[in-house]
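Note sheet for the following structure.
Note on naming: letters A, B, ... go to the chains in the order of the sequence lines (proteins, then strands), and numbering restarts at 1 for each one.
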Protein chains: 2
Amino acid sequence: MLKLSKLTDYAAVIMAQIARDPDQAHTASELAARVKLPHPTVGKTLKMLAKSGLLESRRGSHGGYVLSRSPADITASDIIAAIEGPIGMTECSHADGECGLLDSCGVADNWQRVSQAIRTLLDGVTLAHLAQSSPLKLPVQLPIQSVTLPTASGALREH
Amino acid sequence: MLKLSKLTDYAAVIMAQIARDPDQAHTASELAARVKLPHPTVGKTLKMLAKSGLLESRRGSHGGYVLSRSPADITASDIIAAIEGPIGMTECSHADGECGLLDSCGVADNWQRVSQAIRTLLDGVTLAHLAQSSPLKLPVQLPIQSVTLPTASGALREH
DNA sequence: TGTAAAGAGGACTAAAATGGTCCTATATGG
DNA sequence: CCATATAGGACCATTTTAGTCCTCTTTACA
C-alpha cells in the first residue's frame, strides 16, 4: 500500500517531539513516555536516527538526543531513508542493474521518474512542517505535467 | 523503502504489455512468455487486475484478458490499488480512527496531506504514460508549495 | 456433444521482512 | 565508584509476500 513501516512512523513522531523542544537533550525513556510506546522500541528507533546522522547523542548521565540540524533542514526523505533505506518504488529504482527483466520490462524508465517525483515531493516536506500542527499546504492540483501522449513512439514494439 | 511489492511491479509491466496491443485478448501464458515470468504468478496477477475491474476476462478457448478502459483512463493509482489495496503512507491515512496514539502523535494531519499529494501524483500517471517508452515529463521542481513556516502556531505545545 | 483451452477461486507452503525484546559494553556526570 | 545513558548486536515471534497447485466453470469448435 505504498506504506511506511511502523518504525518509520514512530521515527516521525519522535522527531517531531524533539523538534518542538529542540534546546534540551531528550532521553529514550522520556520520549517513550510522551509518545506512549515501549522503551526498547523507541530506543531502537533513536539509535537508527542517530546512526544516520539526524540526531546527535550524548551518553552517560544527563545524556540523550538532540537534533543535529535545524528542523527546517531535516526532510521527510531523510527520516524515511534513515529507517527504511533509499527511497524508491521499484527494485530497479536505485540498484544499478541486476534486474534481468529490463528488456522485457518496458516501464522501468517511467517508474523511475515517478519515484523521483515522489522523492522530490518528500524532500520538500521538512521536519518543521511535520512538527507544526497547522496544516501543510500541498498542491492538490497538477502534480504531473500532463503529457499529451505521443500515441506511438518508435521503441514501443515488443519481441 | 516506500516500495511497491513485486506483484505490483509485475502488474504494471503486464498492463503495459496489454496496452501496447489493446485490440486482442491476451492469455496468461502468452503474457508470461513475453514478460518472462512464471505462468502461475502472471495468472494470479491477472486475476487480481480483473477482479478490481481494470481488465475484462473472457473464459474458455480463445479467452484472455482485455483492458476494460482506455490506457489513458487507467492510472498508476488504479494499478497499485488493485494489488496492494488503498494507497496511504501511514496506518491512519485511510482507516477511520482506531490509532489510539492520535493525541500523542501530532503528525497525523500532515502525513495525511503528504499521502494525499502522492496519491494525486500517482493519479496523474496513466497507463498510457507507462506504456510509452519515451520519458514522462515530471515536475522535478516545486512539488510542495513551500510554506514559509509559521514558526509557532498555538497548538504545538506539549506540556 | 465431447474435448481442449482458457479463466475463477481458493488452499497451501516457503521464505523474507518486520516488530519487538534483551543483553552486554561503553561513556559520562556527580 | 555508581547511577544513568546510549551503542551495538543477537535473538525470536509474527506477519506479509511470493509463488505454486488443485479443482471447478465457461466457451469455442470439430
Side-chain angles (χ1 to χ4, degrees), chain A residues 1-14 18 24-33 35-68 80 82-86 88-91 100-101, chain B residues 1-14 18 24-33 35-68 80 82-86 89-91 101:
Chain A
M1 326 194 183
L2 211 61
K3 221 189 298 240
L4 300 176
S5 78
K6 285 194 194 176
L7 283 191
T8 308
D9 224 343
Y10 301 163
V13 176
I14 292 168
I18 301 178
Q24 55 192 128
H26 300 267
T27 70
S29 1
E30 176 218 322
L31 290 165
V35 162
K36 292 182 189 142
L37 287 171
H39 180 182
T41 301
V42 172
K44 184 184 191 174
T45 309
L46 286 165
K47 283 179 220 171
M48 289 194 259
L49 291 165
K51 188 148 62 178
S52 64
L54 301 185
L55 292 177
E56 261 158 28
S57 65
R58 197 162 38 225
R59 313 222 269 190
S61 74
H62 293 144
Y65 294 91
V66 208
L67 295 183
S68 65
I80 295 172
I83 310 292
E84 317 199 359
M89 297 216 308
T90 58
E91 218 52 67
L101 298 170
Chain B
M1 326 194 182
L2 212 63
K3 221 188 298 242
L4 301 177
S5 78
K6 284 194 195 178
L7 283 192
T8 308
D9 224 343
Y10 301 163
V13 176
I14 292 168
I18 300 179
Q24 57 193 128
H26 299 267
T27 69
S29 0
E30 176 217 323
L31 289 165
V35 162
K36 292 182 191 142
L37 287 171
H39 179 182
T41 301
V42 173
K44 185 184 192 175
T45 308
L46 287 165
K47 282 178 220 170
M48 289 195 259
L49 291 166
K51 187 147 63 177
S52 62
L54 301 186
L55 292 177
E56 262 158 28
S57 65
R58 197 162 39 224
R59 310 224 269 190
S61 74
H62 291 146
Y65 294 91
V66 210
L67 296 182
S68 64
I80 295 173
I83 309 292
E84 316 199 359
M89 297 215 309
T90 58
E91 218 52 69
L101 298 170

Please enumerate all protein N or O atoms sitting under 3.5 Å from an N or O of nucleotides 14-16 of chain C, with distances to 0.1 Å.
none

Margin query: Suppose we screen for side-chain contact (heavy atoms from CB on, under 4.5 Å). Which residues come up paired with B/S57, at least two apart in sequence or across chains?
Written below: B/Y65
Check: Looking only at side-chain N and O atoms, does B/S57 come under 4.0 Å of OP1 or OP2 in C/dA8?
Finding: yes
Note to self: Once salt bridge (charged side-chain N to carboxylate O under 4.0 Å, His left out) is applied, do any residues pair with A/E56, and if so which ones, sequence neighbours excluded?
What the structure shows: none
Item checked: A/A25: side-chain contact (heavy atoms from CB on, under 4.5 Å) partners, not counting sequence neighbours -> A/R58, A/V66
Under 3.5 Å, which donor-acceptor pairs link side chains of residues 41-51 of chain B to any protein atom two or more places apart or in another chain?
from, atom 1, to, atom 2, distance (Å)
B/T45, OG1, B/T41, O, 2.9

Check: With sequence neighbours left out, what residues match A/H62 under side-chain contact (heavy atoms from CB on, under 4.5 Å)?
Finding: none
Next item on the list: Select base, sugar-phosphate, or nothing to describe what B/G43 touches, counting heavy atoms under 4.0 Å on all strands.
Entry: nothing
Notebook entry, point to check: Can you give one letter per nucleotide of nucleotides 24-30 of chain C, 5' to 3': B if a protein heavy atom sits under 4.0 Å from the base, S if only from the sugar-phosphate, - if neither?
Noted result: --BBBBS
Checklist line | Integer-rounded Å distance: D/dT26 C1' and B/E56 CD | finding: 16 Å
Item checked: Between C/dA6 (P) and B/L31 (CG): distance, integer Å -> 12 Å
Item checked: d(CG, B/L46; P, D/dT20) in whole Å -> 15 Å
Checklist line | A/S52: partners by side-chain contact (heavy atoms from CB on, under 4.5 Å), with sequence neighbours left out | finding: A/L54, A/A82
Check: Nearest-Å distance, CD (B/E84) to C1' (C/dA17)?
Finding: 15 Å
Margin query: Pair B/V35, B/Y10 - check side chain to side chain contact (heavy atoms under 4.5 Å, CB included), show working.
Written below: CA-CA 9 Å; B/V35 162; B/Y10 301 163; over 6 Å; no
Item checked: Nearest-angstrom distance from the residue atom NZ of A/K3 to C1' of C/dA17 -> 15 Å
Next item on the list: Give the rounded distance in Å between these two atoms: CD1 of A/I14 and P of D/dT6.
Entry: 12 Å
Please write out the pairs of protein N or O atoms and N or O atoms of nucleotides 19-22 of chain C separated by less than 3.5 Å, giving the distance to one decimal.
from, atom 1, to, atom 2, distance (Å)
C/dG19, OP1, A/K6, N, 2.5
C/dG19, OP2, A/S5, OG, 3.4
C/dG20, OP2, A/Y10, OH, 3.0
C/dG20, N7, A/K44, NZ, 2.7
C/dG20, O6, A/K44, NZ, 3.1
C/dT21, OP2, A/T41, OG1, 3.1

Next item on the list: Mind calculating the distance between CG (B/D9) and P (D/dG19) to the nearest angstrom?
Entry: 11 Å
